[in-house]
Engineer: 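Below you will find the structure I want to go over with you.
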Amino acid sequence: MAKNTSLYFRIVEGRNLPAKDVSGTSDPYCIVKVDNEVVARTATVWKNLNPFWGEEYTLHLPMGFHSLSFHVMDEDTIGHDDVIGKITLTKEAIGAQAKGLDCWLNLTKVDPDEEVQGEIHLGLELLKDTEKISLRCQVIELILSFVFSGKLGALRLKVRLVEDQILPSMYYQPLIDLLVDALTMLEEVTTVESRQDVAMTLVKIYLGQGLVVPFLDYLNTREVNHTTDPNTLFRSNSLASKAMEQFMKAVGMLYLHEVLKPIINRIFDEKKYIELDPISFKGAVSEAEVRDSSVELLQSYLTSIIESIVSSVDQCPPVMRVAFKQLHKRVEEQFTEPENEDVKYLAISGFFFLRFFAPAILTPKLFQLRDQHADTRTSRTLLLLAKALQSVGNLGLQLGHGKEQWMAPLHPIILRSVASVKDFLDKLIDIDHDTVPQRAVFTASVTVKEGFLHKHKAEGPQLLSRFAFKKRYFWLTSETLSYAKTPDWQVRSSIPIQCVCAVERVDENAFQQQNVMQVITQDNDGQLHTMYIQCKNVNELNQWLSAIRKVSIYNERMLPSFHPGVHRSGKWTCCLQADRAVAGCSRTHSAVTLGDWSDPLDPDVETQTIYKQLLQGKDKLRLVPENVLDGAECTVQQMKPCQGIAARLLVVIEDLEQAHATFQRREKEDATSVIMNP
């Protein structure tokens with residue numbers, strides 16, 4: 001029976017942090033570690049003792065991790081960053097909270113007696129004679145950093161640990177067969193808080209089965225048929241709304257990046273002061289001058305965004321277009337009155353603009369459009385643009401009715417865009433349903449990740465040079481990791497993903513460089529080859545590590561250990577072994593990955609998640625009348641109405657409970673047998 005462990009955590013905010021700079025403030029950021037391996041880094045919040053991050057992460061982990069720690073640092077432009085404090089949570093402490101942790105936790109000082117605060121280089125030698133074996137240890141170099149603080153402040157964290165025993169696929173098939181008819185009851189027994197996770201899980205299940213369009217069509221049809229006022233359509237946090245949101249993120253993130261990244265980068269680079277609200281004006285420049293320059297800039301930015309979106313029909317994933325086509329059809333069938341002519345457009349644009357593009361513009365980092373949060377000035381620009389794009393998505397119908405009348409200078413451009421937006425939506429849904437594959441999030445030919453990195457030139461004598469890293473453009477697909485001098489370079493060098501056997505960090509002292517990773521491959525003769533790649537920061541490093549690990553996760557020849565150093569001057573810098581081919585001195589971390597839209601589809605893992613939700617709602621299912629006709633109001637042919645769903649669900653849940661108990665008992669018996677018969 002397979003095991004699956006995931007950690008969900010959100011670094012919300014900090015308060016009352018100590019001032020570490022001479023200006024009386026700090027520039028805080030957080031580093032997250034699992035068993036002393038850095039897995040995430042938040043953005044830096046400049047000059048703030050009460051920072052807000054709001055950054056969420058999902059980590060897929062091996063079962064054997066011990067602790068999760070959050071280190072709050074103060075970024076310094078000159079010299080080393082200062083340690084403010086830390087919070088350490090053991091696996092047992094996290095797992096003891098069934099619903100997870102959601103609280104303020106006080107930072108504690110970093111105690112040099114409890115954990116490493118620097119580097120120690122040891123020389124080890126095994127001595128053998130006829131009578132005994134001895135180990136000689138020599139301290140070669142010791143570099144320590146001591147940090148003592150007074151009142152350190154606190155962090156607000158949300159942390160949840162999910163550990164699952166995954167049964168063989170055949171045990172989940174009865175639930176999958178029944179799940180289509182049980183969607184309504186699943187919504188009834190889940191909480192509002194868990195609905196987003198449930199929605200994402202269902203989307204993954206049906207993507208894996210190639211049934212995501214009929215699944216969404218079922219939920220959307222039910223929602224449409226239960227809505228009498230078109231103004232309230234999809235406005236709640238229903239399972240249908242959440243499923244559409246998660247579906248767009250699962251299949252549309254690469255598309256969103258293509259459309260928005262150039263204009264988002266331009267806004268960040270230009271850092272213009274933009275303001276329309278008279279209450280917020282500041283500086284020596286007159287209000288009229290600020291307003292005029294702001295209107296001109298916002299019109300330019302907004303025009304670029306709208307033009308990029310309305311010209312992106314061919315870039316939009318076909319499966320996304322088909323889902324919107326079905327939604328358009330259901331809304332048009334339900335709201336036939338002439339006064340509701342625009343509802344079929346609003347239903348699509350409500351998801352497309354209000355729940356996909358506008359949030360990405362508001363917080364680009366959360367959609368991986370930027371590595372850092374925007375500064376105060378840029379954040380204000382993004383907020384104004386997000387508000388304007390929401391009005392575009394509403395087809396300008398709410399203009400002039402809100403409290404923010406100072407947005408009026410943008411109303412003309414918003415109204416002028418309505419015709420082009422409708423034309424775009426008409427073209428978006430003009431697609432043949434039957435020719436669109438629905439089974440995978442991305443195909444082999446689609447680039448999962450790309451960008452400039454620095455590749456080490458070669459193994460050998462030049463390894464000593466810190467300048468041996470050359471800038472190259474990398475592409476990662478599910479089949480190859482390739483690189484060239486520039487994005488337009490005709491000749492590419494490629495590594496087959498099936499040859500990858502480890503992807504790991506490299507110690508800083510190996511090249512005297514930070515953020516270096518190694519991709520270890522094995523050729524047909526069994527020889528190992530290592531390529532060293534440097535990323536520009538720790539976030540980029542984590543993203544590339546995670547992305548390559550995910551596409552190689554099913555490789556058969558993954559290494560159990562690796563060398564975090566390099567082999568030079570006749571020995572490994574990490575363990576001082578002379579043999580270049582000696583087994584690695586540290587265990588690999590191939591199971592540690594960041595959860596995101598590109599996670600491999602695993603139907604068994606996803607179905608286990610649904611089973612746990614139903615298990616928690618088992619008492620509610622027992623109260624459902626036997627004569628309930630779930631889905632009887634739905635006209636979707638793929639989703640058949642049936643009687644007694646609750647009773648059938650209870651049988652399936654109890655069968656899965658029994659299967660879990662049986663496998664756990666066998667594991668205990670096997671463990672006992674090993675102890676008794678070593």
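In this text the structure is predicted, and so the values were computed from the model without any measurement.
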Engineer: Grab the two heavy atoms, one from Tyr8 and one from Thr58, that are nearest each other, plus how far apart they are.
Structural biologist: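 In terms of heavy atoms, the two residues are closest at CD2-OG1, 3.3 Å.
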
Engineer: Identify the two heavy atoms, one from Ser417 and one from Ser420, that lie closest to each other, and give their separation to 0.1 Å.
Structural biologist: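 That closest heavy-atom pairing would be O-OG, 2.8 Å.
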
Engineer: What distance do Leu327 atom CG and Leu219 atom CG have between them, rounded to the nearest 0.5 Å?
Structural biologist: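 Here the interatomic distance stands at 11.5 Å.
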
Engineer: If I take atom CG from residue Leu202 and atom CG from residue Leu179, how far apart are they, to the nearest 0.5 angstrom?
Structural biologist: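 Result: 6.0 Å between the selected atoms.
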
Engineer: Determine, for Lys329 against Glu332, whether the closest basic-nitrogen to carboxylate-oxygen distance falls under 4.0 angstrom.
Structural biologist: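 So Lys329 does not pair with Glu332 through a salt bridge.
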
Engineer: Between Asp102 and Arg156, does at least one N-O distance fall below 4.0 Å, as a salt bridge requires?
Structural biologist: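 Between Arg156 and Asp102 there is a salt bridge, with a charged N closer than 4.0 Å to a carboxylate O.
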
Engineer: Which atom names give the shortest non-hydrogen contact between Gly14 and Leu155, and what distance separates them?
Structural biologist: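 Between these two residues, the closest heavy atoms are CA-CD2, 4.0 Å.
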
Engineer: Between atom CD of Gln246 and atom CZ of Arg355, what is the distance when rounded to the nearest 0.5 Å?
Structural biologist: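 Rounded to the nearest 0.5 Å, the CD-CZ separation comes out at 11.0 Å.
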
Engineer: Side chains of Leu157 and Phe9: does their closest heavy-atom pair fall under 4.5 Å?
Structural biologist: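 Leu157 does not reach Phe9 side chain to side chain.
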
Engineer: Do you see a donor-acceptor pair shorter than 3.5 Å between the side chains of Gln173 and Asp177?
Structural biologist: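 Looking only at side-chain atoms, Asp177 and Gln173 do form a donor-acceptor pair, the distance falling under 3.5 Å.
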
Engineer: Applying side chain to side chain contact (heavy atoms under 4.5 Å, CB included), run through Leu425 and Ile429 and close with a yes or a no.
Structural biologist: CA-CA 6 Å; Leu425 295 176; Ile429 63 173; over 6 Å; no

Engineer: Is a donor on one side and an acceptor on the other found under 3.5 Å between the side chain of Asn340 and the backbone of Thr336?
Structural biologist: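 No.
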
Engineer: For the CG atom of Leu369 and the CE atom of Met253, what is their distance to the nearest 0.5 Å?
Structural biologist: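 Here the interatomic distance stands at 7.0 Å.
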
Engineer: Taking Tyr172 for the side chain and Gln608 for the main chain, is one N or O donor matched with an acceptor at less than 3.5 Å?
Structural biologist: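 Flag not set: sc Tyr172 to bb Gln608 has no pair under 3.5 Å.
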
Engineer: Is there a salt bridge (Lys or Arg N to Asp or Glu O under 4.0 Å) between Lys422 and Asp426 once you walk through the steps?
Structural biologist: CA-CA 6 Å; Lys422 287 184 176 180; Asp426 285 334; over 6 Å; no

Engineer: Considering non-hydrogen atoms only, spot the tightest contact between Gly252 and Phe356 and give its length.
Structural biologist: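 Scanning both residues completely, I find the closest heavy atoms to be O-CZ, 3.5 Å.
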
Engineer: Under the criterion side chain to side chain contact (heavy atoms under 4.5 Å, CB included), I'd like the reasoning laid out for Phe353 against Asn394: C-alpha separation, chi angles, the key distance, then a yes or no.
Structural biologist: CA-CA 9 Å; Phe353 288 89; Asn394 284 323; over 6 Å; no

Engineer: Taking it one step at a time, do Trp53 and Val45 satisfy side chain to side chain contact (heavy atoms under 4.5 Å, CB included)?
Structural biologist: CA-CA 8 Å; Trp53 289 287; Val45 180; 3.5 Å; yes

Engineer: If every non-hydrogen atom of Gly451 is compared with every non-hydrogen atom of Trp544, which pair is closest and at what distance?
Structural biologist: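 Of all heavy-atom pairs spanning Gly451 and Trp544, the closest is N-CZ2, 4.0 Å.
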
Engineer: Spell out, as yes or no, whether a donor-acceptor pair under 3.5 Å connects the side chain of His373 to the backbone of Lys365.
Structural biologist: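 No: the side chain of His373 does not pair with the backbone of Lys365.
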
Engineer: Output yes when a side-chain donor or acceptor of Ser546 lies under 3.5 Å from a complementary backbone atom of Gln543, and no otherwise.
Structural biologist: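 No; zero donor-acceptor contacts below 3.5 Å.
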
Engineer: Does any non-hydrogen side-chain atom of Ile305 lie less than 4.5 Å from one of Leu260?
Structural biologist: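 Yes, their side chains come closer than 4.5 Å.
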
Engineer: For the residue pair Lys550 and Lys449, establish whether any side-chain heavy-atom pair is separated by less than 4.5 Å.
Structural biologist: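 No; the side chains remain at least 4.5 Å from each other.
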
Engineer: With ring-ring contact (aromatic ring centres under 6.0 Å, His included) as the test, pick out the partner of Phe352 among Tyr345, Phe234, Phe324.
Structural biologist: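 Looking at Tyr345, Phe234, Phe324, the match for Phe352 under the ring-ring contact (aromatic ring centres under 6.0 Å, His included) is Phe324.
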
Engineer: Is there a ring-ring contact (aromatic ring centres under 6.0 Å, His included) between Tyr171 and Phe663 once you walk through the steps?
Structural biologist: CA-CA 12 Å; Tyr171 289 92; Phe663 274 92; 5.6 Å; yes

Engineer: Under a 3.5 Å distance rule, please check whether Thr90 uses its side chain to pair with a backbone N or O of Ala93 as donor and acceptor.
Structural biologist: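 At least one qualifying donor-acceptor pair exists.
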
Engineer: State whether the side chain of Thr201 and the backbone N or O of Ile610 hold a donor-acceptor pair below 3.5 Å, judged by distance alone.
Structural biologist: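 No.
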
Engineer: Between the side chains of Asp197 and Arg160, is the shortest nitrogen-to-carboxylate-oxygen separation below 4.0 Å, so that they form an ion pair?
Structural biologist: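 Between Asp197 and Arg160 there is a salt bridge, with a charged N closer than 4.0 Å to a carboxylate O.
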
Engineer: Can you find a heavy atom in the side chain of Leu366 that is under 4.5 Å from one in the side chain of Glu56?
Structural biologist: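 Of all side-chain heavy-atom pairs linking Glu56 with Leu366, none is under 4.5 Å.
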
Engineer: How long is the straight-line distance from OH of Tyr29 back to OG1 of Thr42, given to the nearest 0.5 Å?
Structural biologist: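 OH of Tyr29 is found 8.5 Å from OG1 of Thr42.
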
Engineer: Has the side chain of Ser6 got a donor or acceptor atom that lies under 3.5 Å from a matching backbone atom of Val162?
Structural biologist: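 No, Ser6 side chain to Val162 backbone: no donor-acceptor pair under 3.5 Å.
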
Engineer: Considering all heavy atoms of both residues, which atom of Val212 and which atom of Val203 are nearest to each other, and what is their separation?
Structural biologist: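 Val212 and Val203 have their closest heavy atoms at CG2-O, 4.3 Å.
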
Engineer: Quick one: does Arg321's side chain have a donor or acceptor within less than 3.5 Å of a partner on Asp430's backbone?
Structural biologist: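 It does hold such a pair.
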
Engineer: Any side-chain heavy atom of Val213 sitting closer than 4.5 Å to one from Gln326?
Structural biologist: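 Side-chain contact under 4.5 Å: yes.
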
Engineer: Quick one: sort the Tyr255 and Phe357 rings into parallel, tilted or perpendicular, breaks at 30° and 60°.
Structural biologist: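 Perpendicular, since the angle between the ring planes exceeds 60°.
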
Engineer: Take Lys249 and Met200 through the test side chain to side chain contact (heavy atoms under 4.5 Å, CB included) and record every step on the way to the result.
Structural biologist: CA-CA 9 Å; Lys249 290 180 180 179; Met200 187 68 222; 5.8 Å; no

Engineer: Under 3.5 Å, is there a donor on one side chain and an acceptor on the other for His257 and Gln368?
Structural biologist: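 On atom types as modelled, these side chains do not qualify, holding no pair under 3.5 Å.
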
Engineer: Measuring only between side-chain heavy atoms, which start at C-beta, is Phe70 closer than 4.5 Å to Leu105?
Structural biologist: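 Result no, sub-4.5 Å side-chain heavy-atom pair not found.
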
Engineer: Test your reading of the model: is there a side-chain donor-acceptor pair from Gln390 to the backbone of Ala358, 3.5 Å cut-off?
Structural biologist: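 No.
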
Engineer: Do Leu354 and Arg235 come close enough that some side-chain heavy atom pair is under 4.5 Å?
Structural biologist: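 Sidechains of Arg235 and Leu354: in contact.
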
Engineer: Give, for atom CD1 of Ile306 and atom CD1 of Ile263, the distance between the pair rounded to the nearest 0.5 Å.
Structural biologist: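 One gets 11.0 Å once the value is rounded to the nearest 0.5 Å.
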
Engineer: Considering only heavy atoms from C-beta outward, does the side chain of Thr227 approach that of Gln334 to under 4.5 Å?
Structural biologist: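 The answer is no; the side chains never approach within 4.5 Å.
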
Engineer: Side chains of Ser238 and Glu223: do they bring a donor and an acceptor to under 3.5 Å?
Structural biologist: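 The answer is yes; a qualifying pair exists.
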
Engineer: Say whether, by atom type as modelled, one donor and one acceptor occur between the side chain of Ser552 and the main chain of Ile497 under 3.5 angstrom.
Structural biologist: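 Pair absent, no side-chain N/O of Ser552 close to backbone of Ile497.
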
